[in-house]
Amino acid sequence: MSHNTFGHLFRVTTWGESHGPALGCVVDGCPPGIRFTLKDIQDELDKRKPGQSRFVTQRREPDEVKVLSGVVTDDDGETLISTGTPISMLIENVDQRSKDYGEIARQYRPGHADYAYDVKYGLRDHRGGGRSSARETAARVAAGAIARKIVPGLVVRGALVSMGTRSIDRANWNWDFIGSAENPFFTPDPASVQVFADYLDGIRKAGSSVGAVIEIVAEGVPAGLGAPIYAKLDQDIASNLMSINAVKGVEIGNGFEAARITGEENADEMRMGNDGTPLFLSNNAGGILGGISTGQDVIARFAVKPTSSILTPRKSIDKDGKDVDVMTKGRHDPCVGIRAVPIGEAMVACAIADHYLRHRGQTGRI
Ligand SMILES: Cc1cc2nc3c(=O)[nH]c(=O)nc-3n(C[C@H](O)[C@H](O)[C@H](O)COP(=O)(O)O)c2cc1C
């Protein structure tokens, strides 16, 4: 299976399967002198790791990262400094239960990658979904933690804004609430926790699943990243987000809403600010015009479909072409959108870091 690499100058290659001994990534192109700690990476991985509430898969993976290459340790014994050589990171799989996937070796889960994967490769590691499992995304989150350090002042944050038919009240938006212990959903609206909890408990107990929409906001993106045609910043952000498992839609700025409003409503008007820099009076464009960042917040949203592996029997076929009813055993997220929040943040951070380095390469300035 080829195509395991994304990015141009900040280039990430991931490797490993859901039920193999380990997975990881190689980050190639990180400039020398970038400073970060193991904790910076682990904190991001801890946001994504399974088993943290009843609303996510009960697979128990500590997701402890090891940095194998590409860094030296500073005198404080804690800070890692990139040397400019490939940074290789490894995360062990410790809680596989491959026997849960016995039947999936021959049957195709409706909505999952099983059928298409078999048609293409004729051979697949069915245990835990193999390479099409979102376990692979742990490696992207590790890479994203380094990407965040490359652009000075960059802050990339994500929030779950709707789950199935339930949505947050944007008037209650509080970024500080997202990291709180009482918030298993990455919602920015404290009032939505109980609503999501009751809703998802019902879905979970019914052996079903539900989708979600996640919003990513990147602050501190310098103006000028991207290019007008084949290297649009929005194009690469969309591509990175669309590459996440189960993502079926991406919007930049007001996205599909732009098609429903007038030019007067949609255009972000400008004035000169008191400090002599341009001021945008709105941000419908999501911080990107003509493929190039404007210096406003970069805003993207993505839609995640409901988990395909569900306990309710669904009609399908097996490898021999026989009709079967598939009921997926094993441990699964009833709403994979929850754990997709840190993955989305990482993929946007990687796109921005890559464009930052490309901009520097082309213009010699930032
Ligand atoms: C964090 C995360 C966890 C996931 N866990 C599961 C899971 O437990 N069971 C499942 O059927 N799909 C899960 N998925 C989705 C599948 O990986 C995905 O639907 C599958 O690879 C097919 O790809 P596609 O949905 O992009 O077409 C997860 C996705 C994400 C982002």
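Each residue takes its place number in the sequence, starting with 1. In each ligand, atom 1 is the first atom listed, and ligand 1 is the first ligand listed. Both backbone and side-chain heavy atoms feed into the values below; hydrogens, waters and symmetry mates do not.
Side chain of S192 to backbone of V195: no donor-acceptor contact under 3.5 angstrom is found. Remark: the backbone N or O of W15 is not paired with any side-chain donor or acceptor of N4 at under 3.5 angstrom. Proximity of a side-chain donor or acceptor of D114 to a complementary backbone N or O of R109 within less than 3.5 Å is detected.
Residue T307 places a heavy atom less than 4.0 Å from ligand 1.
With salt bridges taken as basic N to acidic carboxylate O contacts below 4.0 Å, one links D63 and R135.
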Acceptor/donor pairs from residues 208-229 side chains to any protein atom, 3.5 angstrom cut, sequence neighbours excluded:
| from | atom 1 | to | atom 2 | distance (Å) |
| --- | --- | --- | --- | --- |
| S209 | OG | T307 | N | 3.3 |
| S209 | OG | T307 | O | 2.6 |
| E215 | OE1 | R170 | NH1 | 3.1 |
| E215 | OE1 | R170 | NH2 | 2.9 |
| E215 | OE1 | R301 | NH1 | 3.1 |
| E215 | OE2 | R170 | NH2 | 2.9 |
| E219 | OE2 | R157 | NH2 | 2.6 |

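Within a 6.0 Å sphere centred on CD of Q362, other residues, nucleotides and ligands contribute 12 heavy atoms or fewer.
Shown in contact with H112 at under 4.0 Å from a heavy atom are these atoms of ligand 1, numbered in order with element: 10 (C), 11 (O), 12 (N), 16 (C), 20 (C), 21 (O). Near S309, meaning under 4.0 Å from any of its heavy atoms, are these atoms of ligand 1: 9 (N), 10 (C), 11 (O). Close contacts between ligand 1 and D333 involve ligand atoms 3 (C), 5 (N), 8 (O) [criterion: under 4.0 Å to a heavy atom]. Atom numbering of ligand 1 starts at 1 in the shown order; those under 4.0 Å from a heavy atom of H332 are 7 (C), 8 (O), 9 (N). Shown in contact with R339 at under 4.0 Å from a heavy atom are these atoms of ligand 1, numbered in order with element: 1 (C), 3 (C).
Under 4.0 angstrom from ligand 1, the non-hydrogen atoms of I343 all belong to its side chain. Contacts of K305 with ligand 1, taken as heavy-atom pairs under 4.0 Å, involve the side chain alone.
Inclusion of A340 in the set of residues having an N or O under 3.5 Å from an N or O of ligand 1 is not warranted. Considering backbone and side-chain N/O of N245, one or more are found under 3.5 Å from N/O of ligand 1.
Using bins of under 30°, 30° to 60° and over 60° for the plane-to-plane angle, the ring pair Y115/Y108 lands in the perpendicular bin.
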